[in-house]
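Step one of this worksheet: look at the structure below.
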There are 2 protein chains.
Amino acid sequence: MNPSARVLVIDDEPQIRRFLDIGLRAEGYQVLLASTGAEGLALAAAHTPDLVILDLGLPDREGHEVLAELRQWSAVPVLMLSVRDAEAEKVKALDHGANDYVTKPFGIQELMARLRVLLRSRAAPAEAGTPAHYDDGRLVIDLVRRDVALDGAPVALTRKEYAVLTLLLRHAGRVVSQQQLLREVWGPTHVQDTHYLRIVLGRLRQKLGDDPAAPRWLKTEPGVGYRFLD
Amino acid sequence: MNPSARVLVIDDEPQIRRFLDIGLRAEGYQVLLASTGAEGLALAAAHTPDLVILDLGLPDREGHEVLAELRQWSAVPVLMLSVRDAEAEKVKALDHGANDYVTKPFGIQELMARLRVLLRSRAAPAEAGTPAHYDDGRLVIDLVRRDVALDGAPVALTRKEYAVLTLLLRHAGRVVSQQQLLREVWGPTHVQDTHYLRIVLGRLRQKLGDDPAAPRWLKTEPGVGYRFLD
DNA sequence: GCTGCCCCGTATAGATCCCGTAAAACCTTC
DNA sequence: GAAGGTTTTACGGGATCTATACGGGGCAGC
């Protein structure tokens with residue numbers, strides 16, 4: 001599926017390097033090999049690989065240092081290899097930017113499958129489940145950047161306003177009940193405080209220039225809830 | 001970045017559900033629980049969770065079937081749980097759309113770290129193509145050389161200041177939540193120490209000559225986080 | 001067509017939360 | 001022990017949220 005992806009292997013053990021080299025080339029990847037952290041970083045900067053396999057136990061520099069330095073300027077997926085099975089080590093590596101962690105000895109098939117996952121998630125970021133933004137020409141809502149613009153001008157929304165608007169947007173076209181809005185935005189203890197909704201919806205309409213009597217986006221369903229018109 | 005992300009747990013074993021429920025809520029996630037595949041699919045459709053934890057051994061439907069059905073309309077990250085350690089099972093699950101595979105018994109800390117990886121990679125897909133340096137004419141940030149200059153004059157930053165600035169820069173234009181900043185710079189145990197951010201951001205603004213009321217680079221998103229304006 | 005009721009929209013004021021800033025204590029490093 | 005960095009603590013100001021009150025429109029029943 002991704003035949004010519006470049007994979008950088010940073011490992012000091014020659015037999016592991018050779019093992020991975022053969023396995024990766026058999027799958028059609030282009031392989032870069034490094035035996036030290038410094039060499040690996042140089043290769044990463046020079047060739048911008050699509051994926052990095054990094055051994056935690058390197059001779060010249062700790063694997064963590066290499067990962068930290070790499071993460072200064074690159075978001076390339078990194079799969080950590082290690083003989084250490086300690087949970088704290090895994091947590092540390094994963095929280096510092098590693099994308100996966102496999103302990104030696106490992107099965108080559110599982111490793112290859114995990115590589116495919118990493119390459120897949122990187123290759124197809126756009127096809128997210130829910131659309132990341134809404135744009136009808138006048139109103140633009142970017143859920144990733146977390147900002148809203150009307151006719152090109154940014155609209156400043158408070159937390160509650162943004163939460164209500166995006167909750168309605170995620171169910172665009174369908175009615176969202178007052179109870180669901182209150183539960184998800186204010187918490188389960190405020191499901192009867194329906195006046196909150198009147199305040200926030202009023203403010204949203206004011207900022208978006210929407211008329212409750214003839215709504216362009218935010219429609220009231222009396223006695224039930226609200227609906228985002230797409 | 002994940003202020004109260006929604007996590008859906010699909011598992012038929014009550015003690016595992018309870019275990020995960022407590023652990024996830026302690027980390028600040030909103031938790032949805034399902035004991036069967038059908039129930040899980042219904043919840044996924046109704047609430048569009050940010051992440052799914054799916055047990056491979058379900059009573060009514062095979063975990064693989066649930067995964068396949070979910071993947072027909074959603075790209076939500078899925079972490080598979082299983083007692084089976086067979087490599088072929090892992091490869092099958094990973095190649096059919098799972099994003100990670102953890103075998104029971106598992107350490108809760110490792111599982112949480114892997115969840116963070118999945119949520120991070122999903123929330124920041126555009127990070128892949130970030131350049132290694134930033135330059136808008138006044139402010140120059142070189143992520144490789146690790147130095148910052150304002151109007152040609154070097155700016156001395158401490159480790160925390162640099163870490164916060166570059167984390168915001170790597171998500172330029174998008175809001176980075178207080179929790180993500182705290183988790184990635186100070187570690188997962190300090191996600192509630194929001195006053196650290198006020199101190200470091202204040203110092204950064206002082207050194208860069210940025211006004212919080214009319215920011216050129218560092219914009220506060222009240223109650224949510226901060227944003228680097230590019 | 002009238003009336004009363006329910007629900008919604010809006011205005012206003014008070015309480016609360018959140019941010020920015022300063023200063024000092026503590027820790028690390030040399 | 002000195003210096004720089006980090007963490008703790010405290011406080012003022014402003015934005016946001018919450019509470020309350022009031023007006024209007026749709027609808028049912030008469």
Side-chain angles (χ1 to χ4, degrees), chain A residues 146 148 154-165 167-168 175-179 181-228, chain B residues 3-4 146 148 154-168 175-179 181-227:
Chain A
R146 200 201 175 275
V148 178
V155 179
L157 296 183
T158 70
R159 274 177 304 167
K160 298 270 194 270
E161 289 161 9
Y162 184 80
V164 168
L165 178 62
L167 180 55
L168 290 174
V175 179
V176 181
S177 73
Q178 300 178 349
Q179 280 72 25
L181 283 163
L182 288 166
R183 176 158 20 86
E184 299 208 15
V185 177
W186 278 267
T189 58
H190 293 89
V191 285
Q192 78 279 12
D193 296 331
T194 57
H195 57 283
Y196 293 174
L197 294 175
R198 299 209 295 277
I199 303 293
V200 168
L201 265 293
R203 201 151 201 92
L204 270 173
R205 280 162 167 157
Q206 184 180 322
K207 291 183 176 179
L208 299 181
D210 210 24
D211 177 11
R216 168 68 189 84
W217 296 292
L218 301 172
K219 184 168 192 296
T220 301
E221 300 289 344
V224 184
Y226 294 86
R227 181 201 304 264
F228 186 92
Chain B
S4 68
R146 201 193 176 281
V148 179
V155 178
L157 296 182
T158 69
R159 285 190 299 275
K160 299 273 193 255
E161 289 161 9
Y162 184 80
V164 168
L165 178 62
T166 54
L167 180 54
L168 290 173
V175 177
V176 182
S177 75
Q178 300 176 349
Q179 279 129 345
L181 284 163
L182 289 166
R183 184 175 338 106
E184 298 205 15
V185 176
W186 279 267
T189 58
H190 293 89
V191 286
Q192 77 277 15
D193 296 333
T194 57
H195 55 282
Y196 292 175
L197 295 175
R198 300 210 295 277
I199 303 297
V200 168
L201 265 292
R203 207 158 206 84
L204 271 173
R205 280 163 168 158
Q206 186 179 322
K207 292 183 177 180
L208 299 181
D210 211 22
D211 177 12
R216 168 65 190 85
W217 296 291
L218 300 171
K219 183 168 192 294
T220 301
E221 300 288 343
V224 184
Y226 294 85
R227 182 202 303 264

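Chain naming here is simple, since letters A, B, ... match the order of the sequence lines and numbering starts at 1 in each. Computed from a predicted model, the values in this text were never measured in an experiment.
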Completion exercise
The reported gap from CG in B:Leu167 to CZ in B:Arg183 (rounded to nearest 0.5 angstrom) is 10.5 Å
Handout entry: B:Ala213 backbone acceptor or donor facing B:Asp211 side chain under 3.5 Å
Key = yes
Handout entry: Full working for side-chain contact (heavy atoms from CB on, under 4.5 Å) between A:Tyr226 and A:Leu181
Key = CA-CA 9 Å; A:Tyr226 294 86; A:Leu181 283 163; 4.0 Å; yes
Problem - For atom CG of A:Asp211 and atom C1' of C:dC8, their distance in whole Å - result: 13 Å
Handout entry: Between C:dC17 (P) and A:Trp186 (CH2): distance, integer Å
Key = 16 Å
Problem - Partner of A:Leu168 by side-chain contact (heavy atoms from CB on, under 4.5 Å), out of A:Leu218, A:Leu204, A:Val175 - result: A:Leu218
Practice task
Determine: side-chain N/O of A:Thr194 to OP1/OP2 of C:dC8, distance under 4.0 Å, yes or no.
Solution key: no
Exercise for the section: Please state how far atom CD in A:Gln192 lies from atom C1' in C:dC7, giving the value in whole angstrom units. Expected result: 17 Å
Exercise for the section: Calculate the interatomic distance between B:Asp193 atom CG and D:dT9 atom P; express it in whole Å. Expected result: 11 Å
Completion exercise
When rounded to whole Å, the CZ to C1' distance for the pair A:Arg159 and D:dT18 reads 13 Å
Exercise for the section: Check the distance between D:dT6's C1' and B:His195's NE2 and give it to me in whole angstrom. Expected result: 10 Å
Practice task
Work out how much the helix from C:dG1-D:dC30 to C:dC30-D:dG1 bends between its end axes, five pairs an end, to the nearest 10 degrees.
Solution key: 40°
Exercise for the section: Scan residues 196-207 of chain B against DNA chain D and write down, sorted by residue number, each residue with any heavy atom closer than 4.0 Å; if none is found, say none. Expected result: B:Tyr196, B:Ile199
Practice task
Evaluate the criterion side-chain contact (heavy atoms from CB on, under 4.5 Å) for residue pair A:Val185 and A:Tyr162; output intermediate values, then yes/no.
Solution key: CA-CA 10 Å; A:Val185 177; A:Tyr162 184 80; over 6 Å; no
Fill in the blank from the handout: The answer to which of B:Pro222 and B:Leu157 contacts DNA chain D further toward the 5' end, by nearest nucleotide, is B:Leu157
Handout entry: Side chain A:Lys207, main chain A:Ala156, donor-acceptor under 3.5 Å
Key = yes
Problem - Modelled atom types, side-chain donor and acceptor of B:Arg205 and B:Thr220, under 3.5 Å - result: yes
Practice task
Report yes or no: does A:Glu161 contribute a side-chain atom to a donor-acceptor pair with the main-chain N or O of A:Thr158 at less than 3.5 Å?
Solution key: yes
Problem - Atom-to-atom span, CG of A:Leu182 to C1' of D:dT18 - whole angstrom - result: 13 Å
Exercise for the section: Taking A:Asp210 for its side chain and A:Pro215 for its backbone only, find out whether a donor-acceptor pair lies under 3.5 Å. Expected result: no
Practice task
Grab the OH-C1' distance between B:Tyr162 and D:dG4 for me, whole Å please.
Solution key: 20 Å
Exercise for the section: Looking at every strand, decide which applies to A:Glu161 at a 4.0 Å heavy-atom threshold: base, sugar-phosphate, or nothing. Expected result: nothing
Practice task
Ignoring backbone atoms, establish whether B:Thr158 has a side-chain N or O less than 4.0 Å from OP1 or OP2 of D:dT6.
Solution key: yes
